[in-house]
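Counting begins at 1 with the first residue of the sequence.
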Amino acid sequence: MEQRNGRIDRKLQPSKVVYCHYFFYKQREEDKVLQALVRKTKTIREELGSLGQVIDSRLDSLMKGGISRNNVHALAREIGEADLEGGQRETVQEELESTRERQTALKEQLEKLRTLLQRSQDHLQFSREHFRMAISSALQILGADPLKAVSEVDGVLQCTFPAIDQQRSDPTWAETMDTLRVPRKREEKFWEWRATSPIRPVVFADPGRVTDEVVQLHLEQRVVQRLLSRFAAQGFVQHDLSRACLAQSSDAVARVLLIGRLALYGPNAARLHEELVPITARWIDPAIRKGELSPYSREAEDKTRALLDSALLDRSGRAIPDGVVKQLQESAPRDVRELLPHLQARAEDFARDAMARLRQRADDESEQMRDILEQQKKHLEQSILKYDRDQQYHLFPEEERRQAESNRKYWDKRLGALQEELRTEPDRIRSVYQVRAQRIEPVGLVYLWPVTR
């Protein structure tokens, strides 16, 4: 009964409330025992919250002889009258209290993880809407169809995903797209499945249950990583700025953003840190501009970035006149030239903060490694001491004795290696996080043009 209930009410069960029904034959005397068991377990759960091992074994002992028509009424009565003695009830209470403590600790860990997740999302400025738009834009850059919203199930938006390998006639996409296809049937041939299997709808939020009907896209999903890699590599395909865009905002002021990518490199050109660095300013027509563009203060910059976020998601703006587009295209080289020194100065500030965090991370990981090695050393020393004190190894069979001696030799060898690792490993870890080079380059120029202008 307990196992059956457990198989129904499992992790990722979509229903918030699960009902377990028990059916009895009135004409069958043996079912009275089952009725008694159901009533008793229900009573115990209401009183204690769980069966517990003690009462579970008590009921099990009553049932070990089986059920026969001769003992049905007596067995049902014994089950109904079965109770816990004082000491046993205390044992059950201790079991339940221990379970509650584990549940409390688990809830605390979940809260910490939620806090870490929120901090990560805030640091990356991650949102599902922008994530979805980025994937859709990457598809369009590839020449494929964008994502299309088709339905909303339980508050989760489902979108159709294009068959890139067919639209692009690119065989390298076939294996990547396999992760989105309907699962292959056991008897289905692989080549036939790949050629005919439809692409499943995708979602960007947790559907709340494990299902083969949709695929949840996340940053580590293979298709997502390949699509987003186009943006990650964009700033390195040219020696200068290679991309600009124009968006509309609800603000009355024309604004410009120069976005740079800051990258810090460690030994062997390993990329230690990367982030986008924005510089924002009010855009003034070069014909009436008296000086160079002046960057906004922090407050105005935050407002400009918020306007940009809204503009990227809003596709309902009016068409911008060709004259405005031409004017901004002609102004772009000068705007970049005037804002670039400010971008480089801002990047230096970002780099100092990033290097400080890298040094802190290096110190933390170095100390953690030292603790791990010290614990290993202590454990080995205790094992060696125990081996040397034990005088019974000569009584072991030959094979076990040789294994024990082999272990003893390995412990000595490993102990010597640990001494060297304690001397070198912490410094090696710190060296991994030493910044050897840094690079800042402009990767995007964005104009926010007022809708009413």
Under 6.0 Å from the CG atom of Asp122, do we count more than 12 heavy atoms belonging to anything else shown? yes
Around atom CZ of Arg282, are there more than 12 heavy atoms of other residues, nucleotides or ligands at under 6.0 Å? no
If only atom types and distance count, is the side chain of Ser136 paired as donor or acceptor with the main-chain N or O of Arg132 below 3.5 Å? no
Counting only heavy atoms not in His379, do more than 12 sit closer than 6.0 Å to its NE2 atom? no
Give a yes or no answer on whether the side chain of Thr115 reaches the backbone of Glu111 with a donor-acceptor pair at less than 3.5 Å. yes
State which residue, out of Arg414, Lys409, Arg408, fulfils the salt bridge (charged side-chain N to carboxylate O under 4.0 Å, His left out) condition with Asp412. Arg408
Non-hydrogen side-chain atoms of Glu365 and Tyr433 separated by less than 4.5 Å: yes
Side-chain contact, heavy-atom cut-off 4.5 Å: Asp251 with Trp449? no
Val203 backbone acceptor or donor facing Arg128 side chain under 3.5 Å: no
Please work out which of the three classes, parallel, tilted or perpendicular, describes the rings of Phe131 and Phe126, given edges at 30° and 60°. tilted
Are Glu348 and Gln438 linked by a side-chain donor-acceptor pair shorter than 3.5 Å? yes
For a 4.5 angstrom cut-off between non-hydrogen side-chain atoms, does Val277 reach Ile259? no
Verify the distance criterion only: is there a donor paired with an acceptor across the side chains of Thr172 and Arg226 at less than 3.5 Å? yes
Atom CD of Gln419 with >12 non-hydrogen neighbours under 6.0 angstrom: yes
What closest approach, in Å, do Ile284 and Arg289 show between heavy atoms, and which atom pair accounts for it? O-NH2, 2.6 Å
Can you tell me if Ser197 uses its side chain to pair, donor with acceptor, with the backbone of Val182 under 3.5 Å? yes
Does the His273 side chain pair with the main chain of Leu358, one donor and one acceptor, at a distance under 3.5 Å? no
Under a 3.5 Å cutoff, is there a donor and acceptor pairing between the side chains of Asp371 and Gln375? no
Beyond-backbone contact of Leu147 with Phe204, side-chain heavy atoms, under 4.5 angstrom: yes
Hydrogens and angles aside, do Asp335 and Tyr447 bring a side-chain donor and acceptor to less than 3.5 Å of each other? yes
List the steps and the verdict of side-chain hydrogen bond (donor to acceptor under 3.5 Å, both in side chains) for Gln225 and Glu220. CA-CA 6 Å; Gln225 288 194 331; Glu220 297 298 321; 3.1 Å; yes
Hey, are the side chains of Leu264 and Arg271 touching, using non-hydrogen atoms and a 4.5 Å cut-off? no
So does Gln382 have more than 12 non-hydrogen atoms from other groups sitting under 6.0 Å from CD? yes
Going by heavy atoms in the side chains, are Leu339 and Thr280 under 4.5 Å from each other? no
Can you find a side-chain donor-acceptor pair between Arg222 and Thr179 that sits under 3.5 Å? no
Assess whether a salt bridge exists between Glu381 and Lys378, defined as any Lys/Arg side-chain N lying under 4.0 Å from an Asp/Glu carboxylate O. no
